[in-house]
Amino acid sequence: MRRSLQRVVSMLSAPLLLGFWTLAHASCTITVQPDESIQAAIDAAPSGAVVCIVGGEWEERLTIGKTLTLRGEGMEQTAIQGLEDEADLIRVHAPNGDEVVVVLAKLSVRGVRSWGSCGLRIEGSAQVVIEGTTIETAGSGIVMRDSARASLKASTISENLHAGIDMADSAQVSIEDSSISRNQWEGIHLADSTQASIKGSTILGNGVAGIRLAGSAQVAVENSSIKDNQRYGIWLEGDTQATIIGCTVTENGRARSSGCGIVVGNFAQAAITDSTISANGCGMKLEDSAQATLRDSAIQGNDHNAIDLSDSVVAAIANCTVDRNAGHGVTLSGSAVAHIQDLTIQDNARHGINIGGAARASVKGSTIRRNAWKGIDLYGFAEAAIEGSTIAQNESYGVQIRGSAQVSIRESLIERQEPWSGISLEDSAHATIIESIIQNNGSGIYTKGAAEAIVDSSDIRWNKWQGIRMADSAAVSITDCNVYMNGQVGLSLWGNATLTAKNTTVTGHNECGIRLGDSAQSIVDGLTIEGNDHAVVITHSAQATIVRSIIRENSGPGILMRDSVQAMVTGSTIKENQEDGVFISNSARATITDSYVTGNSWTGVYMWDSTHATIRDSTIAHNGTHGVALGKTAELSIEQSTINFNVHHGIVLYELPCFDTDLAFTGHISGFGNIIPGPEEEGGNGIAPVCPDDLAFLMTEVGGELDRRR
């Protein structure tokens, strides 16, 4: 914060707060009867006198310039009624700077509804204690100027044409157990360097605002109700400060589209604690360069946004509940900054948190759930850091990042945004996701456009469709993650998307572990891809590089390639899959080096159509039919590899006499230095090392080729 917020609770001196309350109950020095003048009694009374007024109504204007007590028999019994327009009913001043303390008790002061009049004017250095008194129907109820000071207790200021209390210069007021209500402008207006302390009071039904501060005024409001004011409950402008503790701010500004419970603008500052801000037009709005802290409070059931931050404001919001508002829970625009900690933001009719422009937010230890739109929406150049939070059951995305927005998510749970994605990125958005769980959403993470995501040490599981879905030119990097038991696909790439994956487990998917389509590209290093239906599916013109990975125990093939795709497999193990280890069709191209293709239920490497493969320094063994099978116009270069223990052939062409078929192989095969034992040899393949015998050159150091291309 630019400067610390001050609690304005001890600004009035002890004599005013303590010593003069007793004068309201002291014995009478003078008693004014119905046919006598109160002003005459005041003029005749010595300093410190107690002037008692019996029941009745006096039409007088009073001027008091000395210390005394003016006491009636009760608000319903003793009334001072205005006589003329543009006049002050009671004026208290301190001639020549003398100390003047006036006590007004058990009175009713009634104006004549003239804009220029006031019920009580306090000027100079005068001090007034008001107890059990009503001031009503004047232009302003109480006007305080200069260094005047006042204390109200158990009093009512109501139905005045302007403000209930109008303060300027360096005046100070303390209000306790009182009601400031139904004044046509502000309940309390503080300007310049004025100060107010308000406790246990009701600020109700005023026209413009319940409490309005301008200049460098300060207010402390404690255990009070600010209710049903037409535009704002509390309105801070200028360089003002407010401390609000244990208050209820409710039903303000509902008739105005711009109405709010609390508005803080310009360079004003507010500290709000243990309060409820409910059923207002909007809950709380900060604009310009305002600053605020909001703690241990509830912001709920407001007609628009709960907390609205714009321009260059800074807000710290902690341990609050933000729920059931008809707009966003928290919204930021411009270059606003919010520090959000331990909040519950739920059941709002739009986004939980909405961040646009160049705004920035940090979100720690918070729960954002069941909001009717997105949990968190970022767009423009917005930034957010989310840590230790839960984002769940929102009706659209859990977190959506658009435009050039950026987000970091750490140690958080993103769940149950079905059928939408837990996290969605588009345009040029960027996300870093660390040590988080993304589960039970439609898709876990969805990236498109030119969006980028970095995912580290996270679990992406149990999502209905895909664990991570990538489209367009999106780029995703994942490291040390578990991607498992998502309904269809673990990692799905389309368009020109790119994936870099390291040291990650992809398991338990009903369609495939990794799917690449269109012109997508991936580099995977140190992955374990197991227990899926298909393990890796590469189609269209996609490209994949698979390094130091294990692809095992999948229900379909380990790697399925078709169309014009390219794949490079290095230092990897493809084993115990229930169909082929590697299935290559159409015009696909594959390079397999330093790898093991073993124990697959069907063929180790199966090539069909116009495919091309290079196999080098690899082992293809223990597969359920053949080690390598080629059909139609396939082309293979195989060097210094071991093909053994396969149930049928080591290497076989799909033609007579190897298969009962009318098809002839019209492709090309070359190679040298391979170990391909026959049935009678150690590690022998079950039927023959090669078929036809024309392929025997593959087992020589010189090698050769079989070229049937037309």
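What you see below is based on every heavy atom in this structure, not just the backbone, and it leaves out hydrogens, waters and symmetry mates. Values in this document were obtained by computation on a predicted structure and should not be read as measured data.
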>> Can you pull out every ring-ring contact (aromatic ring centres under 6.0 Å, His included) where at least one residue sits in residues 294-348? Sequence neighbours excluded, please.
In response: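 Output for this query lists His328-His351.
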> What pairs of residues pass the ring-ring contact (aromatic ring centres under 6.0 Å, His included) test when at least one of them lies in residues 53-78, not counting sequence neighbours?
Replying inline: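 For residues 53-78: none.
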>> More than 12 heavy atoms of other residues, nucleotides or ligands under 6.0 Å from CZ of Arg360: yes or no?
In response: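 Incorrect, the count does not exceed 12.
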>> Is it true that, when you exclude Lys227 itself, more than 12 heavy atoms of the residues, nucleotides or ligands shown sit nearer than 6.0 Å to its NZ?
In response: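 No, because the 6.0 Å sphere around NZ of Lys227 holds 12 heavy atoms or fewer from other groups.
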How long is the gap from [atom1] on [X] to [atom2] on [Y], to the nearest 0.5 Å?
X      : Y      : atom1 : atom2 : answer
Glu131 : Leu107 : CD    : CG    : 11.0 Å
Ile135 : Ser140 : CD1   : OG    : 11.0 Å
Ile203 : Ser225 : CD1   : OG    : 8.5 Å
Arg121 : Arg145 : CZ    : CZ    : 6.5 Å
Ser158 : Asn160 : OG    : CG    : 6.5 Å
Leu70  : Ile53  : CG    : CD1   : 4.0 Å

State, with a plain yes or no, whether a side-chain heavy atom of [X] is found less than 4.5 Å away from one of [Y].
X      : Y      : answer
Gln346 : Thr367 : no
Asn280 : Cys260 : no
Glu73  : Val54  : yes
Ile142 : Val173 : no
Glu136 : Ser108 : yes
Thr344 : Asp323 : no
Trp185 : His162 : yes
Leu190 : Ile211 : yes

Which heavy atom of [X] sits nearest to which heavy atom of [Y], and what is that distance?
X      : Y      : answer
Ala154 : Ser178 : N-OG, 3.2 Å
Gly132 : Ser155 : N-OG, 3.2 Å
Ile180 : Asn206 : O-ND2, 3.2 Å
Val322 : Ala306 : CG1-CB, 3.4 Å
Asn325 : Ile299 : ND2-O, 3.1 Å
Ala150 : Ile122 : CB-CD1, 3.8 Å

> Going through the distances and angles, do Met144 and Leu120 end up as a side-chain contact (heavy atoms from CB on, under 4.5 Å)?
Replying inline: CA-CA 8 Å; Met144 301 178 64; Leu120 170 64; over 6 Å; no
Salt-bridge test for [X] and [Y]: reply yes if a basic N is under 4.0 Å from a carboxylate O, no otherwise.
X      : Y      : value
Glu237 : Arg212 : yes
Asp228 : Arg254 : no
Asp347 : Arg370 : yes
Lys199 : Glu176 : no
Arg110 : Glu57  : yes

> Between Asn302, Asn354, Asn371, Asn394, which is the residue that forms a side chain to side chain donor-acceptor pair (under 3.5 Å) with Asn348?
Replying inline: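 Looking at Asn302, Asn354, Asn371, Asn394, the match for Asn348 under the side chain to side chain donor-acceptor pair (under 3.5 Å) is Asn371.
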> If you measure only the distance, is there a donor-acceptor pair under 3.5 Å linking the side chains of Glu60 and Ser37?
Replying inline: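 Looking only at side-chain atoms, Ser37 and Glu60 do form a donor-acceptor pair, the distance falling under 3.5 Å.
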> Pick one: which of Ile272, Thr293, Leu294, Asp342 meets side-chain contact (heavy atoms from CB on, under 4.5 Å) with Ile317?
Replying inline: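 With Ile317 as partner, Ile272, Thr293, Leu294, Asp342 yield a single side-chain contact (heavy atoms from CB on, under 4.5 Å), made by Leu294.
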Quick one: does [X]'s side chain have a donor or acceptor within less than 3.5 Å of a partner on [Y]'s backbone?
X      : Y      : answer
Ser335 : Ala359 : no
Thr78  : Gly56  : no
Ser181 : Leu204 : no
Asp43  : Ala41  : no
Thr194 : Gln172 : no
Lys285 : Asn305 : no
Asp311 : Glu287 : no
Ser389 : Ser366 : yes
Arg91  : Glu123 : no
Thr137 : Gly111 : yes

>> If you apply the rule side-chain contact (heavy atoms from CB on, under 4.5 Å), what do you find for Cys52 with Val50, and how did you get there?
In response: CA-CA 6 Å; Cys52 295; Val50 176; 3.9 Å; yes
Cut-off 3.5 Å, no hydrogens considered: what does the side-chain donor-acceptor table look like for residues 244-251, sequence neighbours left out?
unit_1: Thr250; atom_1: OG1; unit_2: Ser278; atom_2: O; d: 3.0
unit_1: Thr250; atom_1: OG1; unit_2: Ser278; atom_2: OG; d: 3.3

> Given the rule in the side-chain contact (heavy atoms from CB on, under 4.5 Å) test, do Val264 and Val313 qualify, once you have shown the distances and angles that lead to the verdict?
Replying inline: CA-CA 9 Å; Val264 188; Val313 306; over 6 Å; no
> Can you list the steps and then say if Ile175 with Ile188 is a side-chain contact (heavy atoms from CB on, under 4.5 Å)?
Replying inline: CA-CA 11 Å; Ile175 302 169; Ile188 304 170; 3.6 Å; yes
